[in-house]
Trainee: 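To start, I am sharing the structure in question, which I have written as structure tokens.
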Protein chains: 2
Amino acid sequence: MIDAWITQHRKGLLEYCVLTVLSRGESYGYEIVAALGRIAEFAVSESTVYPILARLRQEKFLKVRDEPSGQGPMRRYFSLTAIGKVRLAEMNHHLKKIELAISQLKSTPRKDPDNEHTH
Amino acid sequence: MIDAWITQHRKGLLEYCVLTVLSRGESYGYEIVAALGRIAEFAVSESTVYPILARLRQEKFLKVRDEPSGQGPMRRYFSLTAIGKVRLAEMNHHLKKIELAISQLKSTPRKDPDNEHTH
DNA sequence: TTGGCTACTCCGCGTTACAGAGTAGCATCG
DNA sequence: CGATGCTACTCTGTAACGCGGAGTAGCCAA
């Protein structure tokens, strides 16, 4: 199943996605679940998102602000902290490097070219 | 540690890398370890690569050909099978979709734009 | 009462990466 | 002779994550 691979490939990615969503402004769990759900590749359930949020918060990448919602329990708005932004930047940087590394991988002849004479 | 995240993000990726390396022609374990090692982002040890190779082979994505190396034990050349190529294509496709999805995520205003009138 | 909004939690499974070390064989260089 | 490099593995154990499924709970509107 390619699905199994996709699940594996998601590891870490969702964390990145949450941070990315939050980089455009604060949001709350329910909304984040919905936002990700709108993109098929990132559809997730609450039991995936809330732990991520909790983790991120515990690592001080997110801060929290409660606000009455008018309907139901308080909305808990999450937003990036300073180090959260740094983290996201690091991730973006890493992803760029990975992209580059992959294209390198694709274009590497066979071994390193120190014994090629193909001109 | 961003390193921890990087490790997580690698899940699945290494499998993809191995397949990609092999898409340029057959190779053997030792060489693959070296090839990946040349790219800092994908540096791995044998205890990571060999299990991947074994897994991939067991799933019929790779086939094997032994050849005396002249020095040491036989070289075990791995190469993509037909379904291995299909799998790699699927992965590539998925990765493209992910890339797209991420850029969507980045450019999504705040919620879905079904209440925007920007034309 | 049902259903949507809101926030969680707990249990448990499956998979992967990876470090570290070990086993083993052969060839070559010093 | 011994070290080093090439070659192929294996085993053990750890940590983290995604995720399904279900449960708890509170509140409002139709």
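Lettering follows sequence order; numbering is per chain, from 1.
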Trainee: With the side chain of B/Thr7 defined as its heavy atoms from C-beta on, choose the nearest nucleotide among C/dA17, D/dT7, C/dT6.
Mentor: C/dA17
Trainee: Any idea which of C/dT6, C/dC18, C/dA17 is nearest the A/Tyr28 side chain?
Mentor: C/dT6
Trainee: Nearest of C/dA17, C/dA7, D/dG18 to any side-chain atom of B/Leu14?
Mentor: C/dA17
Trainee: Residues from residues 84-99 of chain A sitting under 4.0 Å of DNA chain D, heavy atoms only?
Mentor: none
Trainee: Does A/Tyr50 make a side-chain N or O approach to OP1 or OP2 of C/dA7 shorter than 4.0 Å?
Mentor: yes
Trainee: Should B/Glu59 and B/Arg87 be marked as a salt bridge (charged side-chain N to carboxylate O under 4.0 Å, His left out) after you check the CA-CA gap, both sets of side-chain angles, and the distance that decides it?
Mentor: CA-CA 10 Å; B/Glu59 298 184 87; B/Arg87 165 55 61 105; 5.2 Å; no
Trainee: In dot-bracket, 5' to 3', how would DNA chain C read with Watson-Crick or G-U wobble pairs under 3.5 Å, [ ] for crossing ones and | for pairs to another strand?
Mentor: ||||||||||||||||||||||||||||||
Trainee: For nucleotides 21-29 of chain D, tabulate all protein N/O to nucleotide N/O atom pairs closer than 3.5 Å, reporting atom names and distance.
Mentor:
{"from": "D/dG21", "atom 1": "O6", "to": "A/Ser47", "atom 2": "OG", "distance (Å)": "3.2"}

Trainee: Take atom CE of B/Met74 and atom C1' of C/dG25, then tell me their distance rounded to the nearest Å.
Mentor: 12 Å
Trainee: State, yes or no, whether a side-chain contact exists between A/Lys96 and A/Leu100 at a heavy-atom distance under 4.5 Å.
Mentor: no
Trainee: Less than 4.0 angstrom from a charged side-chain N to a carboxylate O is my criterion; do A/Arg65 and A/Glu67 meet it?
Mentor: yes
Trainee: If you compare every side-chain N and O of A/Tyr30 against the phosphate oxygens of C/dC5 (OP1, OP2), does one of them come in below 4.0 Å?
Mentor: yes
Trainee: Below 4.0 angstrom from OP1 or OP2 of C/dG25, is there any side-chain N or O of B/Arg75?
Mentor: no
Trainee: Give the ring-plane orientation class for A/His94 versus B/Trp5, where under 30° counts as parallel, over 60° as perpendicular and anything between as tilted.
Mentor: perpendicular
Trainee: Within the structure provided, determine whether A/Arg10 and B/Ile98 are in side-chain contact (heavy-atom separation under 4.5 Å).
Mentor: no
Trainee: Closer than 4.0 Å, any side-chain N/O of B/Arg76 to the OP1 or OP2 of D/dC9?
Mentor: yes
Trainee: Do we see a donor-acceptor contact under 3.5 Å between the side chains of A/Arg75 and A/Tyr28?
Mentor: yes
Trainee: Could you give the CD1-to-P distance, from B/Ile52 to D/dA8, as a whole number of Å?
Mentor: 15 Å
Trainee: Round to the nearest Å and state the distance from A/Glu59 atom CD to D/dA16 atom C1'.
Mentor: 11 Å
Trainee: Any idea which of C/dT9, C/dA17, C/dT15 is nearest the A/Lys11 side chain?
Mentor: C/dT15
Trainee: With side chains defined as the heavy atoms from C-beta onward, is the minimum distance between B/Phe42 and A/Leu105 less than 4.5 Å?
Mentor: yes
Trainee: Please report, rounded to the nearest Å, how far the C1' atom of C/dT16 is from the CG atom of A/Asp3.
Mentor: 17 Å
Trainee: For the pair made of OH in A/Tyr77 and C1' in C/dA7, what is the distance, rounded to whole Å?
Mentor: 14 Å
Trainee: D/dC17 phosphate, OP1 or OP2: any side-chain N/O from A/Arg55 under 4.0 angstrom?
Mentor: yes
